[in-house]
Amino acid sequence: MPQRYEVIQVPLPDLDPRRLAPLVGEERVGGLEEEAARVRGFLDGRRVLNLSSTAHGGGVAEILHTLLGYVRHMGIETAWLVIEGDPDFFQVTKRIHNGLYGGPGDGLALDAAARGTYEGVLARNSASLLAVVRPDDVVVVHDPQPAGLVPSLLDAGARVVWRCHVGIDGENAWSTRAWSFIRPYVEHAHGFVFSRASFAPPWVPRDRLAVIAPSIDPFTPKNADLDADDTLALLRGAGFVAANGPSRDVRPAHVVGEGATPGPDEPLVVQVSRWDRMKDMPGVLEAFVEGVPASSPARLVLAGPTVDGVDDDPEARAVWEETVEIWRSLSAQERSRVRLALIPMDDLQENALVVNALQRHAAVVVQKSLAEGFGLTVAEAMWKSRPVVASAVGGIADQIEDGESGLLIEPDDLAGLGERITRLLENPLEAERLGANARRRVTSRFLPDRHLLEYAELLEHLLAGRPLA
């Protein structure tokens, strides 16, 4: 008899939104507190539950950890539940994930066997989930992995919202295939949330669609202020900068590279992301080697979590190994300009601090995604006043105003990426201007108070039976 899985409840912090006041002003925080009081009234004892597939690694987990911490502090009863699954299940859901991004993933079928694997794992989670959910609870189900539980939640009397964090503008054959797989499970949800309206397929009723962009929290270890000394000490400890000064006692990254470790004054061009084909680490490598002059002192760092560090991402090891093989095929001089790194996930706070330091130290931050739901790494770098060069896809195009708060390229424009990196390396005043504007844009549009207010509006409309759009 198959093993029954137990849905795990993730502990939530208690986060006071008043800590945002020095950044966004008293008026914005006061408005959030007033709205929280209204939400408590119309919820009338109902809980707001969130269901996802992993408690750590990736943007959804990062968003939920802090956003729900604020919700909890404001007196709204909430919980975060995580399903369990096996490698075959996550292989199928990664295939769906890549399909919704318009790619083939591993190229295997989303057929009856895949559906059997998917439904079988979710059925084994169902009993423990339904033991927690009460009628009239609001349940926000995140992404494809737990989407197959939406019908059971509806049958249990919950108000169900499916929140999809991925997508492409329009459709292609791969996304159509993925949507055909997902649609039977989610089409009767009471509401849908996408980061962009263009991500929603045509069959999603527009009166049940809300568009809510993600946010970053400026106080997490990944985004909190670090001074120059702390930044260098973390990078020395992790092995990104030569250890010729004080260093922090952190786990070293697994670094693939040749030649001397960069000194503290050597400029780094950095992309930090999961080892996901849609992040196109190999494309960044090629653009840097071919487009940034060999005479430049800059080095490229491609960094991501250890390949077994994210529960719901079975593709990471293959992408890492492919990137390493491409690096090995370069000439010795080219290899010396590029470093590939796996940042340990044993201690999530430590991992976040190292990422924070790497982004802050970067002369230029890159995010050359082929498709992107939002791109939290872009907002993180913008918050740190870094100049960002990124693909004009998905939610990245909503964050960066080209030429004002960063530079945008088409995702296949390797020459353009190399040219823009070089331009920023050679023009520090332009880089500084873009970074300052980037910080202001994130403060205005991509911090938690705005995110929470938009969810409050969604809940109010949902419970009153009014259209969401």
Side-chain angles (χ1 to χ4, degrees), residues 8-52 55-56 59-82 132-142 158-163 165 190-191 193 195 210-224 349 352 374 376 379 383 442-466 468:
I8 300 163
Q9 184 160 336
V10 181
L12 295 176
D14 185 295
L15 302 177
D16 187 347
R18 296 217 60 80
R19 69 183 186 167
L20 293 166
L23 303 174
V24 304
E26 289 288 341
E27 184 176 351
R28 276 173 58 171
V29 174
L32 179 61
E33 291 173 329
E34 291 174 9
E35 188 63 18
R38 284 183 5 88
V39 171
R40 290 193 297 270
F42 63 68
L43 280 176
D44 192 24
R46 298 180 184 91
R47 301 176 303 168
V48 180
L49 310 181
N50 284 262
L51 182 65
S52 72
H56 58 83
V60 176
E62 292 179 13
I63 291 168
L64 289 178
H65 184 75
T66 53
L67 214 60
L68 298 182
Y70 289 120
V71 171
R72 178 186 173 197
H73 182 89
M74 291 186 289
I76 297 166
E77 191 174 359
T78 188
W80 176 12
L81 307 171
V82 170
V132 175
V133 176
R134 302 195 298 247
D136 284 337
D137 279 342
V138 178
V139 184
V140 183
V141 179
H142 293 265
R159 308 288 184 97
V160 182
V161 174
W162 186 54
R163 200 311 180 205
H165 294 266
H190 296 102
V193 179
S195 300
V211 178
I212 301 177
S215 62
I216 64 164
D217 190 276
F219 299 102
T220 64
K222 188 179 284 187
N223 295 313
Q349 178 167 316
F374 180 70
L376 287 176
W383 172 250
V442 172
T443 302
S444 171
R445 303 186 64 161
F446 301 116
L447 293 185
D449 61 311
R450 184 275 313 161
H451 199 170
L452 289 165
L453 286 171
E454 291 181 359
Y455 261 110
E457 182 180 6
L458 164 69
L459 290 172
E460 183 175 10
H461 284 229
L462 183 75
L463 295 173
R466 297 202 300 269
L468 302 186

*Between Asp449 and Arg28, does at least one N-O distance fall below 4.0 Å, as a salt bridge requires?*
yes

*asked:* Side chains of Val161 and Leu462, heavy atoms from C-beta outward: is any pair under 4.5 Å?
replied: yes

*asked:* So, using ring-ring contact (aromatic ring centres under 6.0 Å, His included) as the criterion, who are the partners of His451 when residues are at least two apart?
replied: Tyr455

*asked:* Is any side-chain heavy atom of Leu376 closer than 4.5 Å to one of Ile63?
replied: yes

*Sub-3.5 Å donor-acceptor pair from the side chain of Arg450 to the main-chain atoms of Arg445, do we have one?*
yes

*What are the two closest non-hydrogen atoms of Leu67 and Pro448, and how far apart are they?*
CD1-CB, 4.0 Å

*asked:* Counting C-beta onward and ignoring hydrogens, is there a side-chain heavy-atom pair between His142 and Asn50 closer than 4.5 Å?
replied: yes

_Ignoring hydrogens, what is the shortest heavy-atom contact between Ser195 and Val211? Give both atom names and the distance._
O-CG1, 3.5 Å

*Go through the structure and list residues passing side-chain hydrogen bond (donor to acceptor under 3.5 Å, both in side chains) with Trp80, not counting sequence neighbours.*
Ser52

*Are any side-chain N or O atoms of Asp137 and backbone N or O atoms of Arg134, one a donor and one an acceptor, separated by less than 3.5 Å?*
yes

*Could you pull out the closest heavy-atom pair between His73 and Pro17, with the gap in Å?*
CD2-CD, 3.7 Å

*Residue pair Ser215 / Leu447, side-chain heavy-atom distance below 4.5 Å*: no

*Hey, what do you get for CZ (Arg40) to CE (Met74), rounding to the nearest 0.5 Å?*
8.5 Å

*Check step by step if side-chain contact (heavy atoms from CB on, under 4.5 Å) holds for Thr66 and Leu15.*
CA-CA 7 Å; Thr66 53; Leu15 302 177; 4.1 Å; yes

*4.5 Å side-chain heavy-atom contact, Arg163 and Val141*: no

*Are Glu34 and Arg38 close enough for a salt bridge, meaning some N to O gap below 4.0 Å?*
no

*Below 4.5 Å, heavy atoms only, C-beta onward: do Leu452 and Glu35 meet side chain to side chain?*
no

*asked:* If only side-chain N and O atoms count, and only distance matters, is there a donor-acceptor pair under 3.5 Å linking Asp217 with Thr220?
replied: no

*Ser444 and Val24, any side-chain heavy atoms less than 4.5 Å apart*: no

*Going by an N to O cut-off under 4.0 Å, is there a salt bridge joining Arg72 and Asp16?*
no

*Check ion pair Glu33-Arg18 (N to O, under 4.0 angstrom)*: yes

*asked:* Using modelled atom types and a 3.5 Å cut-off, is there a donor and acceptor pairing between side-chain atoms of His461 and backbone atoms of Leu468?
replied: no

_Interatomic spacing from CG in Leu453 to CG in Leu458 - rounded to 0.5 Å_ = 12.5 Å

*Which residues share a ring-ring contact (aromatic ring centres under 6.0 Å, His included) with Phe374, sequence neighbours left out*: Phe446

*Got Glu77 and Arg46 here, is their nearest side-chain heavy-atom distance under 4.5 Å?*
no

*Show the numbers, then the answer: is there a side-chain contact (heavy atoms from CB on, under 4.5 Å) between Val138 and Leu459?*
CA-CA 8 Å; Val138 178; Leu459 290 172; 3.7 Å; yes

